[in-house]
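I have placed the structure first, in the form of structure tokens, so that the comments after it can refer back to it.
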Amino acid sequence: MLRVAQALDTQLRAAMQRAFPEATAAAGTPLDPQLAPASKPEFGDFQANGALPLAKPLGQPPRQIAQAIVEQLAADPAFGELCLEPVIAGPGFINLTLRPECLCAEVAARLGDARLGVPSVSAAAPVVVDFSSPNIAKEMHVGHLRSTIIGDCLARVLEFRGHDVLRLNHVGDWGTQFGMLITHLKQVAPEALQTADAVDLGDLVTFYRQAKARFDEDEAFQSTSREEVVKLQGGDPLSLKAWGLLCEQSRREFQRIYDRLDIRLSERGESFYNPYLQGVVDDLKARGLLVLDDGAGCVFLEGVSGKDGKPLPLIVQKSDGGFNYATTDLAAIRYRLALPPAGDGAGRLIYVTDAGQAAHFAGVFQVARRAGWVTGAARIEHVPFGLVQGEDGKKLKTRAGDTVRLKDLLDEAVERAESDLRRRLVEEDRSEEEAFIAHVATTVGMAAVKYADLSTNRVTNYQFSFDRMLALSGNTAPYLLYAVVRIAGIARKGGDLGGGATGAPERVEAQALSFSEPQEWALIRELLKLDAVIAEVEEELLPNRLCSYLFELSQVFNRFYDQVPVLKADEPARSSRLALCRLSADTLKLGLGLLGIPTLERM
RNA sequence: GGGGCUGUAGCUCAGCCGGAUAGAGCGACGGUUUCCUAAACCGUAGGUCGUGGGUUCGAGUCCCGCCAGCCCCGCCA
């Protein structure tokens with residue numbers, strides 16, 4: 001309903017201008033009607049709060065001001081076409097209720113629109129979403145869960161809005177740990193370096209542990225490892241081959257997780273930026289930002305002071321001449337913002353990492369700005385998220401105290417979903433194929449993990465609980481999936497939902513729609529909020545706003561389903577209600593799809 | 001020591017640009033099934049929005065102080 005809201009805003013501004021020309025002139029800008037969605041259903045669709053702040057400057061009671069605005073609105077025929085008579089309430093709120101014909105027209109427009117009323121942006125600069133970013137040769141664990149799920153969701157929303165999104169996996173594929181890994185590989189599996197094809201190195205985690213154990217105990221191994229790092233950085237072909245093997249092995253293991261979660265990513269690891277690191281330091285030096293301190297190349301940050309009150313440095317070149325993560329992050333920003341062919345030409349950079357890195361990114365962003373790499377309207381945003389905690393409120397661990405592997409976490413979610421389903425099948429005396437059970441359990445399990453993560457505000461820590469996320473009622477994935485299943489049930493029992501199944505939207509004339517029940521109107525009003533919610537997520541990068549909306553929509557739909565018959569209704573109510581069912585299903589499917597959650601026909 | 005995030009019902013959490021009597025869910029208690037999947041729906045109870053000031057027509061929301069928890073603070077990412 002963004003279009004309607006915009007029209008109302010314009011009409012309200014004009015009305016205020018007509019009612020208080022001198023105040024408008026004094027303000028220099030049009031008076032703000034403070035149009036907002038109604039805070040409660042009984043207040044209508046929108047409320048304009050703009051009369052209240054005018055009370056003091058105008059020296060009039062706010063209700064009188066509201067009255068003057070309402071009188072001007074009444075003189076505007078365009079307003080009369082959209083809204084019923086405005087109501088002045090409380091201290092001076094103007095409550096606006098849309099005409100039923102207007103709501104029906106909006107519903108009809110969405111029924112004929114595959115995008116459900118969400119506008120598509122015209123081609124703009126690409127958006128980079130940097131997320132997931134596991135470390136090569138290590139296993140993906142619960143620490144990667146949130147970045148991966150939240151990042152994917154934000155990428156989906158931006159893509160749906162029509163942005164050209166670069167989903168970048170900034171994997172940790174460079175660094176000193178490769179010295180020991182390559183040394184170990186050369187000694188344990190030299191044959192892997194001879195054959196042309198990548199050899200299965202088996203369990204990489206065990207391999208990493210072995211290498212680490214040797215590194216900690218064996219001095220000779222340590223020195224060989226250090227030499228190996230130098231060789232690798234110097235471009236030694238054999239070292240590079242070993243490095244490539246390790247990366248390829250890791251890549252395959254990561255891909256298994258990404259496939260299960262249905263996540264698409266372009267790998268562009270830290271190593272990609274190696275050729276650009278020296279240029280970063282050179283550029284900082286040329287711009288007079290680089291300061292040598294204790295032998296390290298630093299940029300001192302403005303507005304951030306350390307223990308002794310001196311500015312805090314961002315180290316971009318170590319005293320041994322090597323570069324570190326700050327250098328890589330700066331190189332990445334520079335490359336991503338630089339126009340092709342020198343870079344990605346992005347207009348917005350989004351970093352989905354844990355909140356603990358906030359200070360690091362603030363520093364890096366500041367240096368990038370001062371270096372002049374952030375030009376024009378380019379935006380760089382850190383999208384922080386809190387820790388995943390266990391039900392005890394502490395960092396999530398296994399019973400043995402180890403880090404939880406992502407694979408195990410996903411397995412358990414699916415297993416629990418499956419046993420829930422089997423128990424219910426027995427209770428309800430239903431019989432289903434094994435393939436059906438497996439499919440439902442997998443879908444529900446993955447959906448539960450994703451939804452639980454996305455539905456909480458990402459900034460706060462997130463308490464992980466299989467029991468809560470898989471609960472069949474409440475703000476959970478199963479509850480939302482069930483709403484979709486109920487609609488599919490109506491279709492199976494003879495309800496023609498129109499083009500939904502074939503994907504081709506079927507046009508419905510607004511005049512053919514006829515609604516009478518409050519539950520229908522409540523559902524309509526909820527359905528029409530989609531475009532505003534998507535716009536909000538695109539701007540604020542908060543997936544939980546979309547989750548809340550889908551949950552509320554499901555609740556409103558379930559009320560409608562429970563209290564208003566569809567198939568047994570007489571025409572034209574029956575067709576009208578079927579149209580609402582179809583739009584509800586399409587909206588839920590679209591919204592869940594943007595969360596990375598596929599829906600089911602039966603469950 | 002400096003900086004950041006968090007603190008809202010028994011539990012888990014929403015709360016948009018400051019707007020009307022602070023909302024959900026779970027749990028608790030009570031009810032609803034001749035009818036499209038009851039994985040649902042309806043109702044009841046439950047609050048000093050950590051705390052003390054300030055700003056203003058109006059503060060959970062903005063500003064300052066304090067308390068508590070977590071995180072970060074020179075060559076790891």
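The model shown is predicted, which means the values in this text are computed figures rather than measured ones. Letters A, B, ... mirror the listed sequences (proteins, then strands); counts begin at 1.
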Under 4.0 angstrom between A:Arg492 side-chain N/O and B:C36 OP1 or OP2: no
Side-chain ion pair, A:Asp45 and A:Arg525, N-O less than 4.0 Å: yes
Nearest-0.5 Å distance that lies between atom OH in A:Tyr451 and atom OG1 in A:Thr456: 11.0 Å
Phosphate OP1/OP2 of B:A38 contacted by A:Arg486 side-chain N/O (<4.0 Å): yes
Sugar-phosphate, base or nothing in reach of A:Gln34, heavy atoms under 4.0 Å: base
Dump every N/O contact between nucleotides 56-62 of chain B and the protein below 3.5 Å, one line per pair.
residue: B:C57; atom: OP1; partner: A:Lys56; partner atom: NZ; Å: 3.3
residue: B:C57; atom: OP2; partner: A:Lys56; partner atom: NZ; Å: 2.8

Contacts of type side chain to side chain contact (heavy atoms under 4.5 Å, CB included), residue A:Asp216, not counting sequence neighbours: A:Lys212
Report each atom pair, protein N/O against N/O of nucleotides 75-77 of chain B, whose distance is under 3.5 angstrom.
residue: B:C75; atom: O2; partner: A:Ser319; partner atom: N; Å: 2.7
residue: B:C75; atom: N3; partner: A:Ser319; partner atom: OG; Å: 3.4
residue: B:C75; atom: N4; partner: A:Asp294; partner atom: O; Å: 3.1
residue: B:C76; atom: OP2; partner: A:Lys318; partner atom: NZ; Å: 3.2
residue: B:A77; atom: OP2; partner: A:Tyr325; partner atom: N; Å: 2.8
residue: B:A77; atom: O3'; partner: A:Glu270; partner atom: OE2; Å: 2.3
residue: B:A77; atom: N7; partner: A:Tyr325; partner atom: OH; Å: 3.2
residue: B:A77; atom: N6; partner: A:Tyr325; partner atom: OH; Å: 2.9

Residue-level proximity of residues 546-558 of chain A to RNA chain B when a heavy atom falls under 4.0 Å: A:Ser548, A:Phe551, A:Gln555, A:Asn558
Sugar-phosphate only, base, or nothing, as touched by A:Val564 at under 4.0 Å among non-hydrogen atoms: base
Sidechain N-carboxylate O distance under 4.0 Å for A:Asp420, A:Arg423: yes
Geometric cation-pi criterion, A:Arg602 with A:Phe436: 6.0 Å, 45°: yes
With the criterion being N/O to N/O and under 3.5 Å, what pairs connect the protein with nucleotides 9-13 of chain B, and how long is each?
residue: B:C13; atom: OP1; partner: A:Gln463; partner atom: N; Å: 3.4
residue: B:C13; atom: O3'; partner: A:Thr456; partner atom: OG1; Å: 3.1

SG-CG distance between A:Cys547 and A:Leu454, expressed to the nearest 0.5 angstrom: 5.0 Å
Sugar-phosphate, base or nothing in reach of A:Val566, heavy atoms under 4.0 Å: base
Contiguous pairing runs of three or more, Watson-Crick or G-U under 3.5 Å, that involve RNA chain B: B:1-7 with B:67-73, B:10-13 with B:23-26, B:28-32 with B:40-44, B:50-54 with B:62-66
Sole residue of A:Asn95, A:Val70, A:Thr97, A:Ile69 in side-chain contact (heavy atoms from CB on, under 4.5 Å) with A:Pro86: A:Val70
Main-chain N/O of A:Ala296 paired with A:Ser319 side-chain donor or acceptor, under 3.5 Å: no
Sugar-phosphate only, base, or nothing, as touched by A:Arg545 at under 4.0 Å among non-hydrogen atoms: sugar-phosphate
Short side-chain N/O contact to B:G23 OP1/OP2 from A:Lys40, under 4.0 Å: yes
Expected output: side-chain A:Arg63 to main-chain A:Gly90 donor-acceptor under 3.5 Å: yes
